[in-house]
Protein chains: 2
Amino acid sequence: MVNIYSTTEEKIIAAAREVFIQKGMDGSRMQEIADRAEINKALLHYYFRNKDKLFTKVFEDVFSNVLEMFERIFSTETESLDAFIELFVTNYINLIRQKPFIVQFVLHELNQNPERVAGFIKSSKIDPGKIIALISKEPENSALQLLDPIHVMVNIMSMCIFPFLARPIIKEVLLSGSDEEFESFLDIRAGQVLAFVRLAIFNNNNPTP
Amino acid sequence: MVNIYSTTEEKIIAAAREVFIQKGMDGSRMQEIADRAEINKALLHYYFRNKDKLFTKVFEDVFSNVLEMFERIFSTETESLDAFIELFVTNYINLIRQKPFIVQFVLHELNQNPERVAGFIKSSKIDPGKIIALISKEPENSALQLLDPIHVMVNIMSMCIFPFLARPIIKEVLLSGSDEEFESFLDIRAGQVLAFVRLAIFNNNNPTP
DNA sequence: GTCTATAACCGGATAGAC
DNA sequence: GTCTATCCGGTTATAGAC
């Protein structure tokens, strides 16, 4: 719930985040946000003139979390493609695991408002060209000569993100329904993805020495 | 748009599907559905007592599309794991490409109403155990001894579905923004996923003879 | 079955006191 | 800054004629 020691504005944002994430922009009610922030509705409008501005604020806060992590990863110097992929996969899965709601929230907004989200990414310091280049210059004996670097990039992202979106299906249908089992699934997820990718593109399962 | 030769009920469902898919349950207006079906609002309530019942009807129709395809795939006898994966990947990507809206729609409902969707799947003839078993009994020299079959299954599904969810990001950030380029991306997607999976689990890129 | 008109309600937003 | 009270537009849903 909402920390009672924070300022009113922080309480509002925290409450709004909870509600917006769970119900989406259209499904959320200003009344519910006010209740959860333990203030009244009028005060919401005092701090953020209307629902749309409040939503935008919350979205930008949440999305900047993702962007910062990406920027951190993309600006880390790595000695090899393998090292970069390891960095990417482990950090990404870790972040999402800590804040699983992010994925759904961003994806929903992505489809309501594609230009806005794409704009955010483009105006960040993230440069996917860097990895595409890294992948492209792998030695000729590697499997990467058969694969399009962009598809490889998409493959890696897919495997990191998708399980969090399909959580209920994985939990109920592939596993046997318990939360603990899904957590165990996540415990080994990064390792499994990494092994899968290494087998596909380096033909072995060894990290670069 | 809506076929003028269909019955009123069909027109309503077609119109409702368009609107619900684009705006979600909460974002949709009965008025817009009525306009698009070229009838008036009262008639909506005559055929489907309320918005919720109409939504449920539309969702069940759409979701049964996916289920039928899965059931078809899962009941096809294949001679090898490789053949099964090829069947799965190509059919799945094909279906989604024809009806890209399905993914987002199902995923949204999945998170609003996890039990319902999981229930649908469970009560279908789909048995993921069959593939898990197929994967598990691969020869000992295969890479599959290193990988958890469930994760392999999730990997394959992720790579098929995710691109349709992240479409705007792939289009704007990884490609250079044109729809044609995204379509070309999709043209080779099934082949790329298949090659990636084969490299990972069979150590080569050859279909079973 | 289909329509017009309207009831009933809900939710975002504002006025104005403190 | 925070509250109570209220307005007002929009949306679902129904009544009732044809």
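Below, chain A is the first sequence line, B the second, and so on; all start at residue 1.
Applying the salt bridge (Lys or Arg N to Asp or Glu O under 4.0 Å) definition to pairs two or more places apart or across chains, those involving residues 53-66 of chain A are K57(A)-D61(A). Residue pairs satisfying the salt bridge (Lys or Arg N to Asp or Glu O under 4.0 Å) criterion with at least one member in residues 117-126 of chain A, sequence neighbours excluded, are listed as follows: E71(A)-K125(A), K122(A)-E172(B).
Sequence order on DNA chain D of the closest nucleotides to Y46(A) and N40(A) puts Y46(A) first from the 5' end.
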Acceptor/donor pairs from residues 148-165 of chain B side chains to any protein atom, 3.5 angstrom cut, sequence neighbours excluded:
from: D148(B); atom 1: OD1; to: I150(B); atom 2: N; distance (Å): 2.8
from: H151(B); atom 1: ND1; to: R189(A); atom 2: NH1; distance (Å): 3.0
from: N155(B); atom 1: OD1; to: R189(A); atom 2: NH1; distance (Å): 3.0
from: N155(B); atom 1: OD1; to: R189(A); atom 2: NH2; distance (Å): 2.6
from: N155(B); atom 1: ND2; to: H151(B); atom 2: O; distance (Å): 3.4
from: S158(B); atom 1: OG; to: V154(B); atom 2: O; distance (Å): 2.6

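When the P atom of dA15(C) is taken as reference, atom CG of L43(A) falls 16 Å away, rounded to whole Å.
The outermost nucleotides of DNA chain D lying under 4.0 Å from heavy atoms of chain B, listed 5' to 3', are dT11(D) to dA15(D).
Aromatic ring centres of Y92(B) and F88(B) lie closer together than 6.0 Å.
Between F70(A) and F74(A), the angle of the ring planes lies from 30° to 60°, which puts this pair in the tilted group.
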Run H108(A) and M25(A) through side chain to side chain contact (heavy atoms under 4.5 Å, CB included) and show every step you take.
CA-CA 10 Å; H108(A) 187 257; M25(A) 161 76 175; 5.6 Å; no
Tell me, for nucleotides 5-12 of chain C in 5' to 3' order, what letter each nucleotide earns: B for a base near a protein heavy atom under 4.0 Å, S for only sugar-phosphate near one, - for neither?
------SB
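Residues satisfying the side-chain hydrogen bond (donor to acceptor under 3.5 Å, both in side chains) test with R49(A), not counting sequence neighbours, are none.
Residue K130(B) qualifies as enclosed at atom NZ: its count of foreign heavy atoms under 6.0 Å is above 12.
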